[in-house]
Amino acid sequence: MDRILNLYDGLYRQYGPQRWWPGETQYEIVIGAVLTQNTAWSNVEKAINNLKSAKALDPNTIIGMHEDRLKALIRPSGFYNQKAERLRLITDWYSENSGNAGSMDRMELRNQLLEIKGIGRETADSIALYGFNKPIFVVDAYTRRFCSHYNLLDKGDYDDYRLLFEDAIGLKAKVFNEYHALIVAWGKENK
DNA sequence: GGCCAGGTGTAAA
DNA sequence: TTTACACATGGC
């Protein structure tokens with residue numbers, strides 16, 4: 001049995017199902033994916049709660065909102081100048097494409113997202129997997145640490161890590177979803 | 001008070 | 001192609 005599958009079983013037994021992404025709606029997942037860029041999730045929660053309290057967590061409101069207003073609401077998540085712009089761009093895309101993104105090929109969706117300024121590989125893959133249920137494995141800082149710890153891969157490009165898991169598991173969105181979340185749970189216990 | 005967190009774009013070597 | 005740096009807040 002492949003070691004990657006074996007480690008998955010171990011994590012699952014230890015931590016149980018994680019029920020990711022921590023967000024209720026598809027749009028909230030998209031917003032959260034941007035806000036969490038190099039940022040602690042606790043700070044992202046504050047920003048999302050601000051948006052909810054302001055009844056601003058929907059595409060039309062975000063697009064129509066004054067830039068300074070948006071920056072103030074997302075301020076706790078840090079990098080708020082950049083992120084306000086990134087939220088606007090991803091929201092423009094979302095308004096246009098959320099309807100048919102679900103029927104896109106996984107790589108077609110990924111490539112569309114990567115064309116958006118401020119949406120890099122991890123953010124694109126998080127949106128594709130957790131927002132649209134596409135089988136793309138998400139690589140983050142925890143994933144690299146996990147791979148290094150278990151000697152799966154030490155230095156590599158983002159896609160080297162992604163393919164390592166995709167090749168071992170097969171294109172299974174449900175497993176990708178759970179595995180990534182479990183790696184984060186593992187990572188928070190192993191600092 | 002310093003370090004770090006579920007990255008990304010840009011510029012320079 | 002690789003490396004360095006800016007971007008910012010809140011928790012410990």
Tell me: CZ of A/F79 to P of B/dA5, nearest whole Å? 12 Å
Ring-plane angle category for A/W186 and A/Y150, please: parallel below 30°, perpendicular beyond 60°, tilted otherwise. tilted
Less than 6.0 Å separating the ring centroids of A/W20 and A/Y130? yes
Rounded to the Å, how far apart are A/D160 CG and C/dT2 P? 10 Å
Counting the atoms with a prime plus P, OP1 and OP2 as sugar-phosphate, which does A/K46 contact under 4.0 Å by heavy atoms, base, sugar-phosphate, or nothing? sugar-phosphate
Examine C/dA8: is either OP1 or OP2 under 4.0 Å from a nitrogen or oxygen in the side chain of A/N43? Give yes or no. no
Choosing from B/dA5, C/dG11, C/dC7, which nucleotide comes nearest the side chain of A/R145? B/dA5
Whole-angstrom distance between B/dG1 and C/dA8, as gauged at atom P: 23 Å
Short side-chain N/O contact from A/Y80 to OP1 or OP2 of C/dC7, under 4.0 Å: no
Atom CD of A/E85 to atom C1' of C/dA8: distance rounded to whole Å? 17 Å
Send over the distance from A/N38 CG to C/dC5 P, rounded to a whole Å. 16 Å
Is the distance from OP1 or OP2 of B/dG7 to the nearest side-chain N or O of A/K83 less than 4.0 Å? no
Rounded to the nearest angstrom, tell me the gap between atom NZ in A/K188 and atom C1' in C/dC12. 15 Å
For atom CZ of A/R75 and atom P of C/dC7, their distance in whole Å: 15 Å
On DNA chain C, check which nucleotide each of A/S42 and A/T39 is closest to and give me the residue with the more 5' one. A/T39
Determine whether the aromatic ring centres of residues A/Y94 and A/Y27 are separated by less than 6.0 angstrom. yes
Between C/dG11, C/dC7, C/dT9, which nucleotide gets closest to the side-chain atoms of A/P76? C/dT9
Counting only side-chain nitrogens and oxygens, does A/T123 get under 4.0 Å of the OP1 or OP2 atom of B/dT8? yes
Measure from the side chain of A/Q82, starting at C-beta and using heavy atoms only, and say which of B/dA5, C/dG11, C/dA8 lies closest. C/dA8
Rounded to whole Å, NZ of A/K71 lies from C1' of C/dC7 at a distance of 12 Å
First encountered from the 5' end of DNA chain B, between A/I116 and A/W41: A/W41
Please examine the side chains of A/D140 and A/H180, heavy atoms only from C-beta on, and report whether any two atoms are closer than 4.5 Å. yes
If the plane angle is over 60° it's perpendicular, under 30° parallel, otherwise tilted; pick one for A/Y179 and A/Y8. tilted
Phosphate OP1/OP2 of B/dG9: any A/R121 side-chain N/O under 4.0 Å: no
Rounding to a whole Å, what distance do you find between A/Q37:CD and B/dC4:P? 20 Å
Look at the side-chain N and O atoms of A/K117 and state whether any lies under 4.0 Å from the OP1 or OP2 oxygen of B/dT10. yes
Does any donor atom in the side chain of A/N50 or A/S53 lie under 3.5 Å from an acceptor atom in the other side chain? no
Regarding A/I119, tell me which of base, sugar-phosphate or nothing describes its non-hydrogen contacts under 4.0 Å with the strands shown. sugar-phosphate
